[in-house]
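Here is the structure we will look at.
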Amino acid sequence: MDPTQTKSSVDNAAEERERLVSTLPIREGFWKPYVLYRGFWVSPQVAKSVMLLQDEFKPRADDIILAACPKSGTTWLKALAFTLVNRSRHAVAGDADGHPLLVNSPHDLVPFIEKPDRELYPVAELEALASPRLLATHMPFTLLPASISAVGSRVVYISREPKDVLVSLWHYLNSVSKDHFIKLEKAFELFSEGGSYFGPVWDHYLGYWKQSIAEPDRVLFLKYEEMMADPVKHVKTLAEFLGVPFTVDEVDAGAVEQVVDLCSFQKLKNLPVNSSGTSNLAGWMPMEKSSYFRNGTVGDWANHLTQEMAYKLDTIVQEKLKGSGLAF
Ligand code: PAP
């Protein structure tokens, strides 16, 4: 909260957000209904959080925003970006002894900007972070506070093949809440109608894709599958984009491979901090930390979706992305 704001102006703003949300189109969502806020389906709480951020978030020019549609590789990107920008302070050589990633979840090291109930977690907690801040979001580009573009904060977006996103999301939802089992057919229906959390997924992708073409120095668009196929190449690209390119000496000493190994799925998944216990990592409910590390592969959709489902979703996605230059 801005210290110049009075209690009543804060209450009035909260009431106005409440009122706005009550006017939005509503549909069935995962667990609870979703509202359509400026083209994207979210829970009413998240819609209010996004509105509040638009008013109160104070970006800095040197902020780095890590963005992704849910289940597209956020955790991996957080680990990589944190490791890259902090490698002069936290060495990755050898066993990376004492490295924060060995004892913290990537989600603890890079906080999400939006939270389902931002009113309970004041934006001031983000202001307390030292520059340059690494922040994450699942918000689509058009819902980011406009001030982020105005000050020129850099944005890294990770996208993923939509069928794998769907399968990952379905597993995740059922692993974090045993009370609301969701059938794959239901998850498929919502996802392919564009009604999943922060969906439609194709519009989420397109927002960042188009911006990465318009502003390549400010918005980097990555694909999970390409990173998995050649992590060394993409980690170098990421380091350059983040303004911390590898030196020749670092490359010769194997530093790129060390970053890749430290942030690899197998390495992170097996750490006690990521494999046991619960935590409220994304600020919406306590959940098993292991739910962020399932199998981390490309093409797992084939083990779950029928050919008919795959064909249907592929057709929708191809149609939605047609002419954009983006394909999966
Ligand atoms: P979030 O949206 O809840 O933050 P996010 O990290 O984007 O989740 O996606 C989780 C997926 O990334 C999981 O995919 P899966 O269900 O298909 O297995 C998770 O396993 C995968 N993942 C997590 N960490 C890594 C990593 N270091 N390398 C590759 N994939 C990873």
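Every heavy atom of this structure was used, including side-chain atoms; hydrogens, water molecules and symmetry mates were not. In listed order, ligands and their atoms are each counted from 1.
- Around atom 22 (N) of ligand 1, the closest heavy atom drawn from F265, Y172, W170, F198 belongs to F265.
- In this structure a side-chain-to-backbone donor-acceptor pair under 3.5 Å is missing from E215 to R218.
- For ligand 1, the polar-atom distance check against L268 finds no nitrogen or oxygen pair separated by under 3.5 Å.
- The ligand atoms of ligand 1 that sit less than 4.0 angstrom from a heavy atom of S168 are 11 (C), 13 (C), 14 (O), 15 (P), 16 (O), 17 (O).
- Aromatic pair F141/Y208: ring centres closer than 6.0 Å.
- When only non-hydrogen protein atoms are considered, atom 9 (O) of ligand 1 lies nearest to K71 CA, 3.2 Å.
- No more than 12 heavy atoms of other residues, nucleotides or ligands shown are found within 6.0 angstrom of CG on D95.
- Polar contact check, F112 against ligand 1: no nitrogen or oxygen pair lies under 3.5 Å apart.
- Annotation for ligand 1: atoms under 4.0 Å from non-hydrogen atoms of Y292 are 3 (O), 4 (O), 19 (C), 20 (O), 23 (C).
- Each of the atoms 1 (P), 2 (O), 4 (O) of ligand 1 lies under 4.0 Å from some heavy atom of H138.
- Contact atoms of ligand 1 toward S72: 7 (O), 9 (O) (distance under 4.0 Å to a heavy atom of the residue).
- Of all atoms in ligand 1, numbered sequentially from 1 with element shown, those under 4.0 Å from a heavy atom of S264 are 27 (N).
- Atom numbering of ligand 1 starts at 1 in the shown order; those under 4.0 Å from a heavy atom of G73 are 5 (P), 6 (O), 7 (O), 9 (O).
- If you check which protein heavy atom lies closest to atom 27 (N) of ligand 1, you get C263 O, 2.9 Å.
- Among R294, H107, K78, the residue whose heavy atom sits closest to atom 20 (O) of ligand 1 is R294.
- The protein non-hydrogen atom at the shortest distance from atom 21 (C) of ligand 1 is Y224 OH, 4.0 Å.
- Ligand 1 places these atoms under 4.0 Å from at least one heavy atom of F293: 20 (O), 23 (C), 24 (N).
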